[in-house]
Amino acid sequence: MSGERRHRPTRRRKKHALSRSMRAELQFPVSRVDRLLREAPDVQRLSWCTSVFFTGILEYLTANVLELASKEAVNHHKVLITPEHVERALDNSPLSSIFKDDTHPRGDGMPSARK
């Protein structure tokens, strides 16, 4: 029949699926943030880029907090970053305005720092 096409086998490689985190070059999981945002009770509509943007902000803030905490740990001649280093780093930085309304349990919830 003249109307039929013949299928020739092609040697094209199948493209691997890329996650949204890999496409955005982020370490934090964009899909998980998207799911958590959509599960919020007061969210009606979200753009496709909202979760990517929000994940980028979370990753940036986390990297800055860890950098400040590592400097604090080095100043106290420690190798490991402890919650006390994170707390001291946040108290002494411009990022403290983000967390100013947060109440941390001092004394009851966290053990005291050993010297």
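One is the number of the first residue; the rest follow in order along the sequence. As the structure is a prediction and not an experimental result, all values here were calculated from the model.
For L18, the side-chain contact (heavy atoms from CB on, under 4.5 Å) test picks out M22, R23, with sequence neighbours left out. With sequence neighbours excluded, the residues forming a side-chain contact (heavy atoms from CB on, under 4.5 Å) with V86 are V65, A69, I81, L90, listed by chain and number. Not counting sequence neighbours, the partners of E39 by the salt bridge (Lys or Arg N to Asp or Glu O under 4.0 Å) test are R35. The side-chain contact (heavy atoms from CB on, under 4.5 Å) check on S31 picks up R20, with sequence neighbours excluded.
Here the closest heavy-atom approach between residue P29 and residue S21 is recorded as CA-OG, 3.4 Å.
In the hydrophobic clustering, W48 connects to no other residue, as no ILVMFWY side-chain heavy atoms lie under 4.5 Å from its own. Chaining together hydrophobic side chains whose heavy atoms lie under 4.5 Å apart places F28 alongside V33, L37, V43, L46, F54, L58. Taking Ile, Leu, Val, Met, Phe, Trp and Tyr as members and joining any whose side-chain heavy atoms lie under 4.5 Å apart, directly or through other members, the hydrophobic cluster of V30 also contains L26, V52.
Among residue pairs with one or both ends in residues 66-75, those qualifying as side-chain hydrogen bond (donor to acceptor under 3.5 Å, both in side chains) are E72-H76; sequence neighbours excluded. Among residues at least two apart or in separate chains, there is no salt bridge (Lys or Arg N to Asp or Glu O under 4.0 Å) pair with a member in residues 44-63.
For the atom pair OG1 of T82 and CD of E87, the computed distance is 9.5 Å after rounding to the nearest 0.5 Å.
L68 and Y60 are not part of a single hydrophobic cluster, where members link through side-chain heavy atoms under 4.5 Å apart.
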